[in-house]
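See below for the structure under consideration.
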Amino acid sequence: MSALQNPVTSPLPSTPVSHAVGQAAVEPSIWERISNYVSGHKVAVYTIGAVVVVAGAGGVYYYSRQAPSTKAGTGSKSGRERKRKGDKKKKEADMEKEKEKEDGEIELVN
């Protein structure tokens with residue numbers, strides 16, 4: 001049989017030792033991960049960035065050409081609101097014509 005070994009001089013078992021008790025491995029921050037991705041994929045990042053800038057500028061140009069220029073406090077009216085206003089003016093004009101007829105004035109035809 002083997003001789004008894006001295007516990008002080010015996011070899012230690014080969015198991016990994018973790019000095020950090022109860023702590024997870026430190027992962028890189030999101031900023032570091034993005035920086036690493038950008039440094040590895042520069043062409044793709046610049047291409048995507050250029051497309052976004054051009055599309056945004058095109059959208060602004062399109063919107064500025066389509067939207068009527070209105071000043072603060074003056075909003076455009078919807079079709080219904082314009083029609084109602086026109087109907088009101090028409091009613092007022094009809095009432096004036098009726099009043100003129102009652103007064104005996106001559107109606108001018110345009």
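Predicted model only: the values in this text are computed from it and were never measured.
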Q: To the nearest 0.5 angstrom, please state how far the CD atom of E96 sits from the CD atom of E92.
A: 7.5 Å
Q) How would you list, by chain and number, every residue that makes a side chain to side chain contact (heavy atoms under 4.5 Å, CB included) with E27, sequence neighbours excluded? A) none
Q. Who else is in I48's hydrophobic cluster (ILVMFWY, side-chain heavy atoms under 4.5 Å, direct or via others)?
A. V52
Enumerate donor-acceptor pairs with a distance under 3.5 Å from any side-chain N or O in residues 38-47 to protein atoms, sequence neighbours excluded.
| from | atom 1 | to | atom 2 | distance (Å) |
| --- | --- | --- | --- | --- |
| S39 | OG | S35 | O | 3.3 |
| S39 | OG | N36 | O | 2.8 |
| H41 | ND1 | Y37 | O | 3.0 |
| T47 | OG1 | V43 | O | 2.7 |

Q: Kindly give the cluster partners of V54, where membership spreads through any ILVMFWY side chain lying under 4.5 Å from a current member.
A: none
Q: Return yes if some donor-acceptor pair links the side-chain N/O of Q66 with the main-chain N/O of Y63 below 3.5 Å, else return no.
A: no
